[in-house]
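Every value quoted in this text rests on a predicted model; they were computed, and no experiment measured them. Numbered from 1 within each chain, the chains take letters A, B, ... in sequence-line order.
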Number of protein chains: 2
Amino acid sequence: MSTTSKENYLKAIYNYQSLESDTATTSNLANYLNVSNAAISDMAKKLSDIGLITYEKYKGMELTSKGEKIALNVIRRHRLWELFLMKVLELKWSEVHDEAEQLEHHTSEALIDQIDKFLNFPDFDPHGHPIPKKNGLLPKYPKTLLLSNAELNRNYVFVRVNDRESELISFLTNLGLILNTNLTVKEKFSFDESIVVRINDRNISLSKKVSENMYVQLI
Amino acid sequence: MSTTSKENYLKAIYNYQSLESDTATTSNLANYLNVSNAAISDMAKKLSDIGLITYEKYKGMELTSKGEKIALNVIRRHRLWELFLMKVLELKWSEVHDEAEQLEHHTSEALIDQIDKFLNFPDFDPHGHPIPKKNGLLPKYPKTLLLSNAELNRNYVFVRVNDRESELISFLTNLGLILNTNLTVKEKFSFDESIVVRINDRNISLSKKVSENMYVQLI
DNA sequence: TTATAAAATTAAGCATGCTTAAATATATTT
DNA sequence: AAATATATTTAAGCATGCTTAATTTTATAA
């Protein structure tokens, strides 16, 4: 039985599994999902019992192919909703994530396929994340790097942003910093890891918190 | 705290309150919501505690104005979603009710207002039910009667259908019996309360079960 | 390598929203 | 009006998904 809660756990595990820099530990998941560590251990047992993850106490957990399939499906629903809400229903860039977070758990396959079709089978959501296809495959997309890891004085294009914090999205909106904007890192300050980027002939200072949630691509 | 379950109870109570023929009794609600009578009593206490209904043991319950406001809001979300799903996303007449039943509990006010606007503030859903406005008022609509109560050989137009059973909607679809179809009752059989109606020069037999879920209006 | 710190798990408990079975109140029949 | 039937409520219990506190395992440091 895949409940809203279980779908969110699977999504979170998928998320950590697809990072090179971090893994799906109990603490990470607890932090990500805003629940206690105990809740994670608890759920790990349940998800393991129903064959959606493998789990060895104190060792860690991993999605089974069945679990990954569900995770990708939820992510598909989320990202299609985000794009639909923005393009068709004109919700704000900073609003669509939270709205999709709800809708993703209450959308039939028939409906999501119609949304997919309506949008002409898009590859990316409004935050630049790839949208899993009906068959579960992700569209191909070029390698990206974190803006926080970008080199000085090279030309990049802003292609993706983590959207879990709507305040960050509002912040970027106010700066006019939308996807596909070109930028160059002009300075990096080691004391607080903030950076100065040049966009559209303007210099803008971005905190570490901001730059490590933005992804860029070398032009 | 208005949960999915509470919203469904409020909707059910509202539904029975707006019938002349029946009332919001424990048994009726239990039957409508597919739960035990005990569950109704249980929830009645809770809804009463948070001020959404008045409730006197063994006497019955009634929505407070606060409860009615929530009920109408859920109904608004339901009916707007139904119309949107059908008109924009091309879901079938028989599918939209069940889908809306889920979405209605997970839709922000900002989103539902955008849907309302997108549809140009419609008055009726695809099953002929009036859509509560943002201010909570229902659009005016003419008196209707149950097809099962219609008189012989008079001209009616089919204007509304109860949509809780998707099988009924599929059945009508297959007959080509859509809203705004003109019809005349040609015969009534007392032994099973079935009727014969004439639509588009065709005679069709409808069971009691069907005719008492269809609403018509005299032309 | 042993002590200590950090991470993970278990135990006990809680709220929500159900269930069935038993008890009680109301309605109907005789 | 008493007996019976029906409707409603209460009691006890269960699953889900959390919590905090205590315990156990693993990692880190002296």
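- Under the 4.0 Å criterion applied to side-chain N and carboxylate O atoms, A:Glu104 and A:Lys11 are assigned as salt-bridge partners.
- Residues passing the ring pair (Phe, Tyr, Trp, His ring centres under 6.0 Å) test with B:His105: none are found, sequence neighbours excluded.
- For the segment residues 2-18 of chain B, the set of residues with a heavy atom within less than 4.0 Å of an atom of DNA chain C comprises B:Thr3, B:Ser5, B:Lys6, B:Tyr9, in numerical order.
- Rounded to 10°, the angle separating the first-five-pair axis and the last-five-pair axis of the helix from C:dT1-D:dA30 to C:dT30-D:dA1 equals 10°.
- When atom types are taken as modelled, the side chain of A:Arg160 and the backbone of A:Gly128 share no donor-acceptor pair closer than 3.5 angstrom.
- Within residues 28-37 of chain B, the residues that place at least one heavy atom under 4.0 Å from DNA chain D are, in residue-number order, B:Asn37.
- The ring pair (Phe, Tyr, Trp, His ring centres under 6.0 Å) test applied to B:His106 returns A:His106, not counting sequence neighbours.
- A:Phe84 does not carry A:Arg79 over the face of its six-membered ring by the limits of under 6.0 Å from the centre and within 45° of the normal.
- Between the side chain of A:Arg164 and the backbone N or O of A:Tyr32, at least one donor-acceptor pair lies under 3.5 Å.
- Atom NZ in B:Lys59 sits about 12 Å away from atom C1' in C:dA27, given to the nearest Å.
- A salt bridge does not link A:Lys208 to A:Asp192: none of the charged nitrogens lies less than 4.0 Å from a carboxylate oxygen.
- In terms of phosphate contacts, B:Ser27 brings no side-chain nitrogen or oxygen within less than 4.0 Å of OP1 or OP2 of D:dT6.
- Between B:Tyr58 atom OH and D:dT9 atom P the separation is 6 Å, expressed in whole Å.
- DNA chain C is contacted by B:Ala38, B:Ala39, B:Asp42, B:Met43, B:Lys46 of residues 38-51 of chain B, taking any non-hydrogen atom closer than 4.0 Å.
- One finds no salt bridge joining A:Asp123 and A:Lys140 here, because no Lys/Arg side-chain nitrogen approaches an Asp/Glu carboxylate oxygen to under 4.0 Å.
- Ionic pairing of B:Arg76 and B:Asp116 is present here: one or more N-O contacts between side-chain nitrogen and carboxylate oxygen are shorter than 4.0 angstrom.
- Between B:Trp93 and B:His127, the angle of the ring planes stays under 30°, which puts this pair in the parallel group of the 30/60° scheme.
- Shortest non-hydrogen contact noted between B:Leu179 and B:Pro126 is CD1-O, 3.4 Å.
- In terms of modelled atom types and a separation under 3.5 Å, the side chain of B:Asn34 and the main chain of B:Ala30 share no donor-acceptor contact.
- Contact check on B:Asp42 versus B:Lys46 returns a salt bridge, with a Lys/Arg side-chain nitrogen under 4.0 Å from an Asp/Glu carboxylate oxygen.
- Atom-to-atom, CD of A:Glu56 to P of C:dT9 comes out at 11 Å; the value is rounded to the nearest Å.
- For A:Tyr55 and C:dT9, the shortest distance from a side-chain N or O to OP1 or OP2 is below 4.0 Å.
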